[in-house]
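In what follows, a structure is listed as structure tokens, so that the remarks can point back to it.
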Protein chains: 2
Amino acid sequence: MAYTMKEVAERTGASPHTLRFYEKEGVLPIPDRDANGVRIFNEHYIDCVDTVQALRSTGLPLAEIKQYVELYKSGEQTLPLRRTMLVVQKNKVEDQIARLIKTLEKLNYKLALVDAQESQFSKLP
Amino acid sequence: MAYTMKEVAERTGASPHTLRFYEKEGVLPIPDRDANGVRIFNEHYIDCVDTVQALRSTGLPLAEIKQYVELYKSGEQTLPLRRTMLVVQKNKVEDQIARLIKTLEKLNYKLALVDAQESQFSKLP
DNA sequence: TGGAGGGCTAGAGTTACTCTAACTTATTTT
DNA sequence: AAAATAAGTTAGAGTAACTCTAGCCCTCCA
């Protein structure tokens, strides 16, 4: 039930550096410490990291994630606002996916061009 | 056939700042200037910007884009290497799309949770 | 007991912008 | 004609989000 820094890093894919940095920036809770001042994490902490990572991977800045986390901490009356934030992010992610698909098409086009040029090149006398 | 900084910025979506920065970093060609030292751009320049943006949007660092551009400048013998770079980026983009779809699912899940809590909340006496 | 392994903090370095200051030039507006 | 507006120029500072370094502490196992 208790995890070390290294375990949390492994389970979330974030580096210990990044985890400490997120904590310092206030987007992650302040974990308990053992007698030597070493952080002790629990299952819930890993959920928090997952959420922050999901929000970050959509490009949401840490400052806004912090806002979201603070809304979460201040209870149910912030649910409508949090809902709005989630919907906004959802739309952004859909846009990003659309944009990446366009990029993929562009890359495929460039690959086709390169292949055409390559075969022409190899046909030279 | 000739464009100003502002027009290039509008047509590519990159800010003039960013365009000058890219030029300084060597990922864009050095454009001609008019008598007042003002940059004059052409159609081909816009293609270059598009390509850089497509590569950047896949997360390719400017340093590697610069390498690609230099390979391009040094002619046909670099085609196989450029082809490899494109394939690598294509795979990365596919990965990114897959990851974003997962994030989208997570967001939908969180939205469903929030909606459930919200309706529960509104049912309170 | 000593060395590997992990953790801690403070702070420097990196990437890719992004903005500011201070200035010139060109075009409108009064 | 003078003034305001808009666009351009450079050099360089600032920012976000890591990412790494230095220097130290603690513990565990051979």
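These values consider heavy atoms only, across backbone and side chains, with no hydrogens, waters or symmetry-generated copies. Chain A is the first sequence line, chain B the second, and so forth, proteins listed ahead of strands; every chain is numbered from 1.
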Check: Considering only dC17(C), dG7(C), dC18(D), which nucleotide approaches the side chain of T18(A) most closely?
Finding: dC18(D)
Next item on the list: Using a cut-off of strictly less than 4.0 Å, decide whether Y22(A) has a side-chain nitrogen or oxygen near OP1 or OP2 of dC18(D).
Entry: yes
Check: Can you tell which of dC8(C), dT9(D), dC17(C) lies closest to the side chain of R20(A)?
Finding: dC8(C)
Check: Are T4(B) and dA7(D) close enough that a side-chain N or O sits under 4.0 Å from OP1 or OP2?
Finding: no
Check: Of the nucleotides dG8(D), dC17(C), dT19(D), which has the atom closest to the K6(B) side chain?
Finding: dG8(D)
Check: Which nucleotide in the list dA16(C), dT19(D), dT9(D) gets nearest to the side chain of L62(B)?
Finding: dA16(C)
Margin query: Below the 4.0 Å mark, does dG8(D) have OP1 or OP2 next to a side-chain nitrogen or oxygen of N36(B)?
Written below: no
Next item on the list: Establish, with yes or no, whether the OP1 or OP2 oxygen of dG8(D) is under 4.0 angstrom from a side-chain nitrogen or oxygen of R39(B).
Entry: no
Margin query: Quick check with a 6.0 Å cut-off and a 45 degree axis cone: is R82(A) positioned over the face of Y72(A)'s six-membered ring?
Written below: no
Check: Would you call R99(B) and E94(B) a salt bridge, taking side-chain N to carboxylate O under 4.0 Å as the test?
Finding: no
Note to self: Show, in sequence, the C-alpha distance, side-chain angles and deciding distance for R83(A) and D115(B), and conclude whether the salt bridge (charged side-chain N to carboxylate O under 4.0 Å, His left out) test is met.
What the structure shows: CA-CA 8 Å; R83(A) 204 198 114 90; D115(B) 285 346; 2.4 Å; yes
Check: Which heavy-atom pair separates L62(B) from E25(B) by the least distance, and what is that distance?
Finding: CD1-CG, 4.3 Å
Notebook entry, point to check: With no angle test and no hydrogens, is the base of dC18(D) tied to the side chain of H17(A) by a donor-acceptor pair under 3.5 Å?
Noted result: no
Item checked: Side chain of R56(A) - closest among dC8(C), dA17(D), dT10(D) -> dA17(D)
Notebook entry, point to check: Does V38(B) or E25(A) map to a spot on DNA chain D nearer the 5' end, using the closest nucleotide for each?
Noted result: V38(B)
Check: Taking only side-chain nitrogens and oxygens of R33(A), does any of them come within less than 4.0 Å of OP1 or OP2 of dT9(C)?
Finding: yes
